[in-house]
Chemist: 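The following block contains the structure, expressed as structure tokens.
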Amino acid sequence: MKSFMGGKSVILRLEMDTEKTKFGEVAAFIGQRGGDIVAIDVIQTSKNITVRDLTITVSESGQIEKIIESIPQLPGVKLVNISDRTFLLHLGGKISVSPKTPIQNRDDLSRVYTPDVARVCLAIKEDQKKAYSLTIKRNTVAVVSDGSAVLGLGNIGPYAAMPVMEGKAMLFKQFADVDAFPICLDTQDTEEIIRSIKAIAPGFGGINLEDISSPRCFEIEERLRHELDIPVFHDDQHGTAVVLYAGLISALKVVNKSIGNVRVVVCGIGAAGIACSKILMAAGVKEIVGVDREGILTADREYENPMWNWYASRTNPGRKSGTLQEAMVGADVFIGLSAGGILKREDVASMASDPIVFAMANPTPEIMPQEVEDIVGVMATGRSDFPNQINNVLCFPGIFRAALDCRATEINEEMKLAAAEAIADSISDEERDRFYIIPSPFNTKVVKKMRDAVIKAALATNVARRVPREYR
Ligand SMILES: NC(=O)C1=CN([C@@H]2O[C@H](COP(=O)(O)OP(=O)(O)OC[C@H]3O[C@@H](n4cnc5c(N)ncnc54)[C@H](O)[C@@H]3O)[C@@H](O)[C@H]2O)C=CC1
Ligand SMILES: CC(=O)C(=O)O
Ligand SMILES: [Mg+2]
């Protein structure tokens, strides 16, 4: 049987002999096995035979496979076809390019293309800044990956990375009307990546680096920030840190603890884990203990990864050593940016009272919310199907909207902080509770608030090359 890789939604095409089984019996049979029929399409009917597509969702992975396996138990019912809705959504890719104006006659053709386009080209040659007014540059961002750290799936390469990058491009457009292109590079060489991105930069107003593994991601971003005059933003570092910070401010209010007094464990000292730790240090967290595959990072050891030596020298003031389990004892906050399923209920039970657990690995969190619901103060994941989604989708559309609108040369610390505060301010004290610490990506207030706050920060720090009309 086809594997659904943990999928929770499927379309089953069933042929039913209505003399042998009534549809109500089929529906009840599926319901008893945990399937919720959310749509029914009648494909064909004849005297005794009816063919229907049933769209079924389940709440737990593995249930779809069980339902499919048990269909032969139904008398007179034949399984004709199985479609995975998620794969259907990806057929042919998720985005396309469409012209802003139709080309209806030869006159249109000569203006959008040759000969008239040449005059526009020469105007830009004369004054390169005109690229912002006469091309797509001012509203376009490149979403660039090398496929080396895709979600928590690891180094799956540039072809397999494309669905995520297409998804990010969709989110840019839907949430902030930014035109984004997914670009997956067939190289994991630092210099080649830098060269490739610099070579494509003329057509873009910003570069969003995505799912490039650490420590290469740090040098790539740093070099590009200096060598390009458009914002370069590694989403997994800064987008994640902005949203994490906003989520933590809110969660601490729920459990009534202060940022200066909490003990924080960060698991996964890669791109996201390091950036999140940096923002927490800047916000006044005094005790952070970092844990990676080799256990707790401590200044008593020398690591091959230069970022880990840097990290160990600035965290773990008590020079603890040992395992993740040992780090968790008495901690107030767990921040997971590592891999799925590595945290156990006992680990959470060993934390301080009202623990905050942000299990942010995708697609599988370090621990599933249902395993610890009754013993956590606040629980969040990076996923869309649980409450409290802490995910960089809340940041990158709005922060780039602002950076493009004021033609910022970079996205600096002040702009990131302004973005975090705008997210946190989108929830009032009355609204906030343990299941609602962070606004939904569908909350249209967030991008507007973020745009305003980030543009003001860009203007105040002199990185804006254009003052949008409403700020003049
Ligand atoms: N919710 C969100 O918005 C975001 C979530 N993430 C998630 O965070 C995770 C890491 O992403 P990146 O930092 O971009 O990748 P990365 O490859 O730069 O870093 C991952 C780090 O986790 C460590 N790690 C892996 N398995 C581990 C284990 N069993 N125990 C301890 N450490 C382990 C690796 O050694 C590495 O240092 C991924 O699952 C990703 O999906 C990343 C960015 C945003
Ligand atoms: C959300 C995201 O960017 C990641 O998991 O890598
Ligand atoms: Mg990512």
Side-chain angles (χ1 to χ4, degrees), residues 143-156 161 163-169 171-172 182 184 188 208-221 233-248 265-279 289-297 303-308 311-312 322-328 334-344 347 357-367 380-386 388-397 420 423 438 441:
V143 178
V144 186
S145 182
D146 64 354
S148 59
V150 181
L151 307 177
L153 305 173
N155 189 354
I156 61 173
V164 174
M165 305 314 137
E166 287 182 20
K168 295 264 177 188
L171 302 171
F172 264 114
C184 288
Q188 295 188 349
N208 184 72
L209 301 173
E210 191 66 48
D211 293 353
I212 299 177
S213 65
S214 60
R216 289 170 316 123
C217 61
F218 301 115
E219 185 182 351
I220 292 169
E221 188 195 36
F233 181 83
H234 184 201
D235 181 35
D236 297 287
Q237 290 184 61
H238 314 299
T240 314
V242 161
V243 184
L244 172 273
Y245 179 45
L248 188 61
V265 171
V266 178
C267 183
I269 309 306
I274 290 174
C276 288
S277 303
K278 281 184 186 166
I279 209 165
V289 173
V291 184
D292 208 281
R293 292 178 203 272
E294 296 174 31
I296 296 174
L297 297 193
Y303 299 97
E304 242 176 66
N305 180 342
M307 284 313 290
W308 286 2
Y311 190 94
T323 60
L324 170 61
Q325 284 61 43
E326 287 165 295
M328 292 296 286
F334 169 81
I335 296 170
L337 289 154
S338 54
I342 63 165
L343 198 65
K344 302 281 164 270
D347 306 331
V357 175
F358 288 175
M360 293 162 65
N362 286 315
T364 312
E366 283 76 4
I367 190 162
T381 69
R383 292 164 51 131
S384 317
D385 52 354
F386 292 115
N388 294 337
Q389 181 180 23
I390 300 196
N391 190 299
N392 48 35
V393 63
L394 263 175
C395 175
F396 65 78
I423 296 172
I438 193 103

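Values reported hereafter were calculated over all heavy atoms of this structure, with side chains retained and with hydrogens, waters and symmetry mates removed. Since we're looking at a predicted model, the values are computed, not measured. Whatever order the structure lists them in is the order used to number ligands and atoms, beginning at 1.
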Chemist: Quick one, Q237 and L209 - any side-chain contact, counting heavy atoms below 4.5 Å?
Modeler: no

Chemist: What atoms of ligand 2 come closer than 4.0 angstrom to any heavy atom of N362?
Modeler: 1 (C), 4 (C), 5 (O)

Chemist: Measuring only between side-chain heavy atoms, which start at C-beta, is L248 closer than 4.5 Å to F358?
Modeler: yes

Chemist: Are C395 and D235 packed together at the side-chain level, in the sense that at least one heavy-atom pair is separated by less than 4.5 angstrom?
Modeler: no

Chemist: Quick one: nearest non-hydrogen protein atom to atom 44 (C) of ligand 1, plus distance?
Modeler: T240 OG1, 3.0 Å

Chemist: Checking a contact table here: which protein heavy atom is nearest atom 19 (O) of ligand 1, and how many Å away?
Modeler: G270 CA, 3.3 Å

Chemist: Would you mind running through ligand 1 and noting each atom that sits below 4.0 Å from a heavy atom of A361?
Modeler: 7 (C), 39 (O)

Chemist: Where the closest heavy atom to atom 13 (O) of ligand 1 is concerned, which of P365, A272, S338 has it?
Modeler: A272

Chemist: To 10 degrees, how wide is the angle OE2 (E210) to the Mg ion (ligand 3) to OD1 (D236)?
Modeler: 100°

Chemist: For ligand 2, which atoms sit closer than 4.0 Å to a heavy atom of N391?
Modeler: 1 (C)

Chemist: I want to check something: taking the side chain as every heavy atom from C-beta on, are F334 and L324 in contact at a cut-off of under 4.5 Å?
Modeler: yes

Chemist: Should you measure from each heavy atom of D236, which atoms of ligand 2 turn up under 4.0 Å away?
Modeler: 2 (C), 3 (O), 4 (C), 6 (O)

Chemist: How are the rings of W308 and Y303 set relative to one another: parallel (under 30°), tilted (30 to 60°) or perpendicular (over 60°)?
Modeler: perpendicular

Chemist: Considering non-hydrogen atoms of the protein only, which is the closest contact for atom 15 (O) of ligand 1, and what is the distance?
Modeler: A149 CB, 4.0 Å

Chemist: Nearest protein heavy-atom contact for atom 10 (C) of ligand 1: which residue, which atom, what distance?
Modeler: L337 O, 3.3 Å

Chemist: Tell me the closest heavy-atom pair linking C184 and M165, and the distance in Å.
Modeler: SG-CG, 3.7 Å

Chemist: For the residue pair I423 and I438, establish whether any side-chain heavy-atom pair is separated by less than 4.5 Å.
Modeler: yes

Chemist: Among N305, L297, N391, D292, which one has a heavy atom closest to atom 31 (C) of ligand 1?
Modeler: D292

Chemist: Is the contact between V164 and ligand 2 made by the side chain, the backbone, both, or neither, using heavy atoms and a 4.0 Å cut-off?
Modeler: neither

Chemist: Roughly how far apart are N362 CG and Q389 CD, rounded to 0.5 Å?
Modeler: 8.0 Å

Chemist: Side chain or backbone, does D235 bring an N or O within less than 3.5 Å of an N or O on ligand 2?
Modeler: no

Chemist: Is there side-chain contact between L151 and I156, with heavy atoms separated by less than 4.5 Å?
Modeler: no

Chemist: Please write down residue, atom name and distance for the protein heavy atom closest to atom 18 (O) of ligand 1.
Modeler: A271 N, 2.9 Å

Chemist: Please identify which atoms of ligand 1 are closer than 4.0 Å to at least one heavy atom of S214.
Modeler: 18 (O)

Chemist: Relative to the heavy atoms of A339, which atoms of ligand 1 are at a distance of less than 4.0 Å?
Modeler: 26 (N)

Chemist: Any atoms of ligand 1 less than 4.0 Å from a non-hydrogen atom of G382? List them with their elements.
Modeler: 1 (N)

Chemist: Show me which atoms of ligand 1 lie under 4.0 Å from any heavy atom of G152.
Modeler: 38 (C), 39 (O), 40 (C), 41 (O)

Chemist: For atom 1 (N) of ligand 1, what's the nearest protein heavy-atom neighbour? Residue, atom name and distance, please.
Modeler: I390 O, 3.0 Å

Chemist: Please confirm whether M360 approaches ligand 2 to less than 4.0 Å, judged on its heavy atoms.
Modeler: no

Chemist: Going from CE on M328 to CD1 on I296, what distance comes out if it is rounded to the nearest 0.5 angstrom?
Modeler: 11.0 Å

Chemist: Have a look at ligand 2 and work out which part of L151, if any, has a heavy atom under 4.0 Å from it: side chain, backbone, both or neither.
Modeler: both

Chemist: Closest heavy-atom contact between I342 and D347?
Modeler: O-OD2, 4.4 Å

Chemist: What is the closest protein heavy atom to atom 29 (N) of ligand 1, and at what distance does it sit?
Modeler: I342 CG2, 3.6 Å

Chemist: Tell me, which protein residue and heavy-atom name are nearest atom 14 (O) of ligand 1, and how many Å apart are they?
Modeler: D236 CB, 3.8 Å

Chemist: Applying a 4.0 Å heavy-atom criterion (strictly less than), which segment of K168 is in contact with ligand 2: side chain, backbone, both, or neither?
Modeler: side chain

Chemist: Find all atoms of ligand 2 within a distance of less than 4.0 Å from any non-hydrogen atom belonging to E210, and give their numbers and elements.
Modeler: 3 (O)

Chemist: To the nearest 0.5 Å, what is the distance between CE on M307 and CD1 on I274?
Modeler: 4.0 Å

Chemist: What are the atoms of ligand 1, with element, lying closer than 4.0 Å to any heavy atom of I269?
Modeler: 37 (O)

Chemist: Can you measure from CG (N392) to NE2 (H234) and round to the nearest 0.5 angstrom?
Modeler: 9.0 Å

Chemist: Looking only at side-chain N and O atoms, does S145 offer a donor or acceptor that is under 3.5 Å from a partner on E210?
Modeler: no

Chemist: Using modelled atom types and a 3.5 Å cut-off, is there a donor and acceptor pairing between side-chain atoms of D236 and backbone atoms of D211?
Modeler: yes

Chemist: Any side-chain heavy atom of Y311 within less than 4.5 Å of one from N305?
Modeler: no

Chemist: Using heavy-atom distances only, which candidate in M307, M360, R293 approaches atom 26 (N) of ligand 1 most closely?
Modeler: R293

Chemist: Can you tell which part of V243 has a heavy atom less than 4.0 Å from ligand 1: side chain, backbone, both or neither?
Modeler: neither

Chemist: What atoms of ligand 2 come closer than 4.0 angstrom to any heavy atom of N392?
Modeler: 1 (C), 2 (C), 3 (O)

Chemist: Looking only at heavy atoms, what is the nearest atom pair of A241 and C276, with distance?
Modeler: CA-SG, 3.7 Å

Chemist: Rounded to the nearest 0.5 Å, what's the gap from CG on L244 to CD1 on I390? Could you check?
Modeler: 6.0 Å

Chemist: The Mg ion (ligand 3) is nearest to which N, O or S atom of D211?
Modeler: OD1

Chemist: Say whether N362, considering both its backbone and side-chain N or O atoms, lies within less than 3.5 Å of an N or O atom on ligand 1.
Modeler: yes

